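Quantities reported herein were computed from a predicted structural model and do not represent experimental measurements. Order of the sequence lines sets the chain letters (A, B, ...), proteins ahead of strands, with each chain counted from 1.
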Amino acid sequence: MTTSNNPETTCLHAAYRADPATGAVVVPIYQTTSYQFESTETACKLFALEELGNIYTRVMNPTTDVLEQRMAALEGGAAALATSSGQAASALAIQNIARNGDNIVSSTDLYGGSWNLFANTLETMGIEVRFVDPADPENFRRATDDKTRAYYAETLPNPKLEVFPIGEVVGIGDELGIPLIVDNTAAPIICRPIDHGAHIVVYSTTKYIGGHGTSIGGMIIDSGRFDWERHAERHPMLNQPDPSYHGAAWSEAAKPLGPIAFILKCRVTVMRDLGSAMSPFNAFQFIQGLETLPLRMREHCSNAAAVAEFLSNHPAADKVIHPGQHDGEARRRADAYMNGGFGGLVGFEISGGQEAGMRFIDALNMIYHVANIGDARSLAIHPATSTHQQLSAAEQLASGVTPGYVRLSVGIEHIDDIIADIDQALHAAVNPNASAAVAA
Amino acid sequence: MPAISINGSRLNFGATGKGSTVIALHSSASTGAQWKSLAEHLANRHCVFTPDLPGYGGSDAWPGGRSGSLASEADFIFEMIEAWEEPVHLVGHSFGGAVALQIALAHPEWVRSLTLIEPTVFHLLRDGNAADQRLHATMQALSGVVNAAAALGNPAAGMQHFIDFWNGEDAWLRTHPRLRAYLVSQIGQVINNFAAANSEDWLLQECARLNCPTMALMGLDSPVPAQRTTEMLAEAIPGARLHMIPGAGHMLPLTDPHIVDPLISGHIRAAEADEPTWRFIRPLQHAA
């Protein structure tokens, strides 16, 4: 099997050469729920975790397994677990180490779906989420107590697009025995959070990994670098006997299989019990997406930088939000944690506020009006009247959404066509009577 | 820091969290950043909006350097609330407390709850008993010293007197030189705030028309005029609860957040629990 440190090669070759049964070069879709055990002895070993193998697709599947291994290799992790969505990945990663009475400390710069999960649903489960401003990494330390089980953040949160200080918060977590979970959905290839010390990486694979807008999925990647035993008192769920798996203490039980206590427990307890498994068909789609991910990210980054540059010189754009346009500490963090580009997202504030923002969206010809990011196609959304419409004005401002804010997920079309569409839509947005006058 | 424009004036703000809106207004010679602890405390239930009042932090100063009245400060913030089309919870400390009270008096239907932390409505002392009037004179003297120091070209002496009055003897000397320099630069705005508060003439009885749940907080180590004013308001506002915090001074939101923050969140939660449940329901929906 080919091994490489180059993501272009890893995405095509890691963890699979050919199907052992048929020799198929493309990973087949193993659309099956269950697997014939070779013998009762084999079944016994599989259930006892003496061997890892296929039991039931909710817990493991050969197609999904290739995707999981490939994502782990791409991120520099020890092992991974695919989930039915990015939301499931975030929820399971936290539920794997925090329970009723525990807390986690999270950055305030979060995807709205994660915010709802944290502020509302996790709260109903007795897990408190303490939100802190990532501008000062020390806020994480200040919010920590002896019930804090994890830190959580996004590498490149939108709409602010200010890169999270991964290394700084890892440093605090290392002192206190707290792992950092990083959602890297918006920055695959250009940032490997594990290289900066992050312990767990989660993804919505729906976005750039899939890349073609076909499938919903998520991924949890375990770096294998967090020393759960050393912090046994802080992490009882990884160190004390687990009654849900015949008394296994996961930090000990996983040792024969590698440094995978976190992800092993997540697979065989939380995933087993909650069942948010990825379908084999979706795993196949993500494997296809992954093959071209490095190429696409290169184009996304280069096109987004060009769009940001174009907008920053356009009189109808009052303000442009792109990591490459930040200055001061935000720019330093972008440079420190991003490599090979700043991602495919660009935000801008259109002159004329909400009305102009709506007109801009309606005037787009090629760019899709979609509540998604990371598609190969360029996408646009006016959050104040769509994704953030149900938020109050103050909540919108807190999220970084002003009335005239437009978010672009810049695709991989030819840059001239992307800019031409934005340009004509800006013209239509700030000159609303122009077309009417022509028509008259 | 992000900013919005109100009537062409830049208003710098901090904002965090989701849920019902809480606006917290800071004291004189401060900024919205003073509410950092409260904002984090409330963020998973509320959207906490912490503007820099005009002339402070990154917000534009008033044209000509003077605001004129508490009402004009209150109107400025109220324009924003009205544009949002949603009643809010108001929290105000010191001068910010006076502004919050002014908003509640002028537009009670827009205020879901009110938290007043030693608001600087010292003109109320003027109409009190003889002891109250002596306290009023104390505040007039403080204002006079700050004004005179600025007029004589020694703003540092003025701010030293101001800071020591509110925070105890030698507080100025204990202040970091960088913060001292910032405070000195704020003396003009502090004078404006004094002038705004001193120019008021509304009567304590007017508080009787406030009908939102109100909580007043004061530190028992705070200067007596601030304690007495807070006490008078708590007596005059129907149903108001007064919390007196031992060992705390005038800057209690900063020195005692472990007491102040939970009191505020509890007050807001209780206020919402008493509202008709259908009134503020908004469906939450998010995509990527």
Practice task
Find out whether W84(B) and L397(A) are in side-chain contact, i.e. whether some heavy atom of one side chain is under 4.5 Å from a heavy atom of the other.
Solution key: yes
Handout entry: Atom CD1 of I216(A): over 12 foreign heavy atoms under 6.0 Å
Key = no
Practice task
For A398(A) and G17(B), work out which heavy atoms get closest and say how close.
Solution key: CB-O, 3.8 Å
Exercise for the section: Would you check if K18(B) and S399(A) make a side-chain contact, meaning some heavy-atom pair closer than 4.5 Å? Expected result: yes
Handout entry: Selection from T206(A), T185(A), V132(A) maximising heavy-atom pairs under 4.5 Å formed with chain B
Key = V132(A)
Practice task
Decide if atom CZ of R269(B) counts as having more than 12 heavy atoms of other residues, nucleotides or ligands within a radius under 6.0 Å.
Solution key: no
Practice task
Answer with side chain, backbone, both or neither: which region of Q396(A) has an atom nearer than 4.5 Å to a non-hydrogen atom of chain B?
Solution key: neither
Practice task
Measure from the side-chain N and O atoms of E395(A) to the backbone N and O of T21(B), and report whether any donor-acceptor pair falls under 3.5 Å.
Solution key: no
Handout entry: side-chain hydrogen bond (donor to acceptor under 3.5 Å, both in side chains) assessment of K36(B) paired with N139(A)
Key = CA-CA 10 Å; K36(B) 182 174 178 299; N139(A) 287 339; 2.6 Å; yes
Completion exercise
Bottom line for V129(A): the part with an atom under 4.5 Å from chain B's heavy atoms is backbone
Handout entry: Exceeds 12 heavy-atom contacts within 6.0 angstrom, atom OH of Y368(A)
Key = no
Exercise for the section: Take atom CG of D145(A) as the centre, draw a 6.0 Å sphere, and report whether it contains more than 12 heavy atoms from other residues, nucleotides or ligands. Expected result: yes
Exercise for the section: Against chain A, label I4(B) side chain, backbone, both or neither, depending on which of its atoms sit under 4.5 Å from a heavy atom there. Expected result: side chain
Handout entry: Donor-acceptor pair, side chain of N44(B) and main chain of R130(A), under 3.5 angstrom
Key = no
